[in-house]
Amino acid sequence: MPVQTEGAAMAENVGFFTDTSVCIGCKACQVACHQWNNLPSPDGQRRPLPVLSGNSYDNTGSLSDTNWRHVKFIEQFSGDANRSQARWLMMSDVCKHCVNAPCLEVCPTGALLRTEFDTVFINEPACNGCRDCISACPFGVIHMSDLPGKNVAQKCTFCYDRLQQGMTPACAQACPTQSIRFGPMPQLQQVARQRVADLHRQGESGAYLYGADDKILGGLNAFYLLLDKPEVYGLPSAPKLPSRSVLRSSFWAIVSAFLVGLAALFTFRERTRRAPEGGIAPGASPSPEERA
Amino acid sequence: MNFFVADPGWGWWIISYFFLGGIAAGCYFMAAIIDLFGRPEDRPLARIGYALALPLIVICGVLLTLDLHRPERFWHMLFKSEVVKEASAQGWPTTGAGWSTMASAPVFKFWSPMSVGSWALTLFGLCSALSLLGSLWPGGRLERWFRRSWFGMGITVLGCCVGFFVAAYTGALLTATNQPIWSDSVWIAPLFLTSAASTGIATILLIGRWRNVGADPLQRLGQADRWALVLELAFFLAFVGSLGALLSVVVSVPIGMVFVGGTLLIGIVVPLVLQIRAAGSGRHGIVTAALLVLIGGFLLRYGILMTIPALLEHRSAIASRFGPEDGRARGGGPGADPGNQAGKIEPPSKIRGTR
């Protein structure tokens with residue numbers, strides 16, 4: 001059920017188009033996200049100070065409860081002995097705000113909501129910290145906050161508060177290279193397709209869009225232009241909607257229940273037939289053994 | 001298989017819940033079958049089953065609440081907190097408007113195993129409580145109401161069905177995720193259900209033996225346990241088979257070995273053999289078999305929950321081996337640059353005057 005501001009009609013479906021081919025890894029998006037959303041910085045006590053992770057220039061490691069944006073640094077080298085060819089792939093990762101959102105689907109409390117902008121939002125006062133959304137998210141986006149007094153699921157809000165005021169989300173506003181573009185989805189999809197065509201013309205034949213169409217979870221409202229296969233960026237090729245397994249799983253559970261019940265019934269029923277005094281009728285009195 | 005997920009951190013509370021909840025469901029189911037179809041001399045076993053089901057399911061509720069990061073919000077599983085808040089503001093429970101709003105507060109998502117499971121647990125707790133009440137005073141009025149009347153038999157049948165659901169939904173819940181292994185097999189739910197039956201029967205068997213219930217009822221219970229174990233074996237093999245090449249990934253971590261080997265041998269094969277031998281030669285071995293079934297049932301839950309975090313810890317080595325450097329151990333050979341021997345290169349040095 002979409003969250004509706006009072007009197008507001010269904011707003012425009014907005015999204016992020018992240019063009020990884022122009023990302024320079026400056027992390028301005030991460031900083032802007034931290035600032036706008038008051039996400040705590042490492043203090044050297046509860047949260048260790050950032051150190052070089054040993055994984056390129058990445059010192060935040062992954063998306064987390066306090067990093068709702070995370071810039072991935074992927075270093076690639078050619079297989080020859082001298083590593084003569086090398087390139088960096090950079091990608092600003094974020095919640096994908098899936099059109100068919102697995103987290104929203106499984107959430108038992110209704111804390112995960114679809115907003116009027118078609119984005120996915122965690123209503124913190126409703127979340128009880130069951131973590132079903134974490135298990136369901138195929139992108140590893142959601143994490144639990146361990147801040148005192150919070151202890152609920154955390155992820156990108158798509159700057160829901162800014163959207164309501166007609167403002168651009170903080171990350172897209174801060175991005176200096178327009179790697180993160182914000183806008184109405186049809187417009188973004190058009191821009192993205194044009195960008196792919198331009199890159200192909202320039203010889204970058206590996207460029208393609210991830211999540212722009214409806215093949216991945218009905219479409220991703222935060223979709224990407226990638227230069228290598230999804231797994232290289234830590235993105236799954238074929239994430240699935242959890243509910244798709246429920247019916248098959250339930251069917252076999254019912255079959256197993258039927259078989260177990262039949263086996264137990266057979267074991268005790270057989271004896272009942274052999275023993276004429278057996279069987280329990282409604283209102284029958286208890287056995288002498290049971291009275292004992 | 002998707003290794004790009006985050007770990008939900010379901011640990012000991014949930015493992016214990018899966019294990020004890022399975023036993024509770026198995027106990028109730030067996031007690032119900034005995035109650036409805038068994039001989040009078042079998043009924044003490046039914047009473048044991050009912051006596052176990054309620055306390056176990058109450059403990060399960062406590063475990064689940066403790067596992068929440070906001071335990072005081074456990075009721076959000078059943079009611080929308082925002083609507084309850086609104087109804088309270090309207091004066092619920094003393095005003096009509098409050099009740100009218102409250103009517104839309106229950107949250108029931110039939111497609112979400114955790115949502116349906118929350119209601120099922122509540123209902124199962126209610127059935128268990130009524131059945132236990134009916135079994136406390138044999139021959140009394142409560143027994144007539146809650147076990148011997150049509151209403152009582154209805155409660156028993158309902159409790160049995162909901163118990164089956166409680167036993168199986170936890171498996172469906174694991175499948176309805178995007179976690180590796182869990183979401184790759186639809187056989188976890190039936191496996192959990194058959195394991196619930198075998199562990200429930202084993203528990204009744206042990207208590208029955210301790211309470212000196214007659215030999216014949218225990219023998220029949222042993223036979224039911226053999227059937228449950230055979231079915232559990234079949235579903236376990238189906239589960240392992242459904243993993244295909246992923247099985248090698250599972251057993252690549254020690255917990256995975258314990259999970260597959262422990263469940264199969266300790267929890268199913270050895271007790272099954274002991275049970276079959278005991279069936280031919282009196283009661284010897286039945287207790288050992290029942291204890292092993294319980295250990296195996298625990299290993300199944302422990303293994304299936306703890307293997308995934310172990311795999312995710314090694315995700316880079318398992319899922320994304322893009323280069324031979326990835327997963328290279330300390331002192332583990334030349335790695336990605338076998339032709340680039342460091343000894344052939346003279347680094348610039350002040351000693352040699354080359355820097």
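Letters A, B, ... are given to chains in the order of the sequence lines, protein chains preceding strands, and every chain is numbered from 1. Values reported hereafter were calculated over all heavy atoms of this structure, with side chains retained and with hydrogens, waters and symmetry mates removed. Note that the structure is predicted; figures quoted are calculated from it, not measured.
With a 4.5 Å cut-off on non-hydrogen atoms, S118(B) does not touch chain A at all. Proximity to chain B is limited to the backbone of I142(A), based on heavy atoms less than 4.5 angstrom apart. With a threshold of 4.5 angstrom between heavy atoms, L221(B) approaches chain A through its backbone and through its side chain. Neither the backbone nor the side chain of A228(B) comes within contact range of chain A; no heavy atoms are under 4.5 Å apart. Looking at C103(A), there are no atoms closer than 4.5 Å to chain B (heavy atoms on both sides), in backbone or side chain. For a residue to count as touching a neighbouring chain, one of its non-hydrogen atoms must lie under 4.5 Å from one of that chain's; by this rule N123(A) touches chain B with the side chain only. Only the side chain of I33(B) comes within contact range of chain A, with heavy atoms under 4.5 Å apart. Of the two parts of E82(B), only the side chain, counted from C-beta on, holds a non-hydrogen atom closer than 4.5 Å to a non-hydrogen atom of chain A. Interface remark: P102(A) contributes side-chain atoms only to the contact with chain B (heavy atom separation under 4.5 Å). Heavy atoms closer than 4.5 Å to chain A are found nowhere in W137(B), neither backbone nor side chain. Only the backbone of C137(A) comes within contact range of chain B, judged by heavy atoms closer than 4.5 Å. No part of I254(A) comes within reach of chain B, as not one of its non-hydrogen atoms sits under 4.5 angstrom from that chain. Heavy-atom distances place both the backbone and the side chain of V260(A) under 4.5 Å from chain B. At a 4.5 Å heavy-atom cutoff, the contact between A224(B) and chain A is made by backbone and side-chain atoms alike. Both the backbone and the side chain of S115(B) come within less than 4.5 Å of a heavy atom in chain A. Contacts between F74(B) and chain A at a heavy-atom distance below 4.5 Å involve the backbone alone (N, CA, C, O).
The CZ atom of F236(B) sits 10.0 Å away from atom OG of S195(B), with the distance rounded to the nearest 0.5 Å. To the nearest 0.5 Å, the span separating CG on D65(A) from CG on L147(A) amounts to 6.0 Å. With rounding to the nearest 0.5 Å, the separation of CZ in R244(A) from OG in S249(A) is 16.0 Å. With rounding to the nearest 0.5 angstrom, the CD1 atom of I14(B) is 6.5 Å from the CZ atom of R131(A). Note that CH2 of W75(B) is 12.5 Å distant from NZ of K80(B), once rounded to the nearest 0.5 Å.
In the model, Q85(A) has no side-chain atom that pairs as donor or acceptor with a side-chain atom of Q76(A) under 3.5 Å. Side chains of T177(B) and S135(A): a donor-acceptor N/O pair is absent below 3.5 angstrom, by distance only. For the 3.5 Å distance criterion, the side chains of N67(A) and H143(A) fail to qualify, holding no donor opposite an acceptor.
Residue with the most contacts toward chain B among P236(A), A153(A), A111(A), A238(A): P236(A) (heavy-atom pairs, distance under 4.5 Å). Taking chain B as the reference chain and counting heavy-atom pairs below 4.5 Å, the highest number among L235(A), L63(A), V255(A) is found for L235(A). Most heavy-atom pairs under 4.5 Å with chain A, from the set I308(B), L193(B), I201(B), V107(B): that is L193(B). The choice from C133(A), S62(A), S245(A) that makes the most heavy-atom pairs within less than 4.5 Å of chain B is S245(A). Ranked by heavy-atom pairs under 4.5 Å with chain B, the list S243(A), A257(A), A263(A) is led by A257(A). Between chain A and the options R73(B), K109(B), M77(B), Q179(B), heavy-atom pairs under 4.5 Å are most frequent for R73(B). Ranked by heavy-atom pairs under 4.5 Å with chain A, the first of E72(B), H76(B), R226(B), M30(B) is H76(B). Contact count versus chain B (heavy atoms, under 4.5 Å) is highest, among L247(A), V246(A), V152(A), N128(A), for N128(A). Contact count against chain B (heavy-atom pairs under 4.5 Å) is highest for K240(A) among K240(A), E105(A), R248(A).
A side-chain contact (heavy atoms from CB on, under 4.5 Å) with C98(A) is found for exactly one of L241(A), L217(A), N221(A), namely L217(A).
Using cut-offs of 30° and 60° on the angle between ring planes, the pair F151(B) and F146(B) is tilted. A perpendicular orientation is assigned to the rings of F139(A) and Y210(A), their planes being inclined by more than 60° (bins at 30° and 60°). Relative orientation of the F121(A) and Y160(A) rings is tilted, given thresholds of 30° and 60° on the angle between their planes. In this structure, F266(A) and W227(B) have perpendicular ring planes: the angle between them is above 60°, well past the 30° mark.
Salt-bridge formation is not detected for the pair K229(A)/E231(A): no Lys NZ or Arg NE/NH1/NH2 atom is positioned less than 4.0 Å from an Asp or Glu carboxylate oxygen.
When all heavy atoms are compared, the tightest approach of G211(A) to I216(A) is N-CD1, 4.1 Å.
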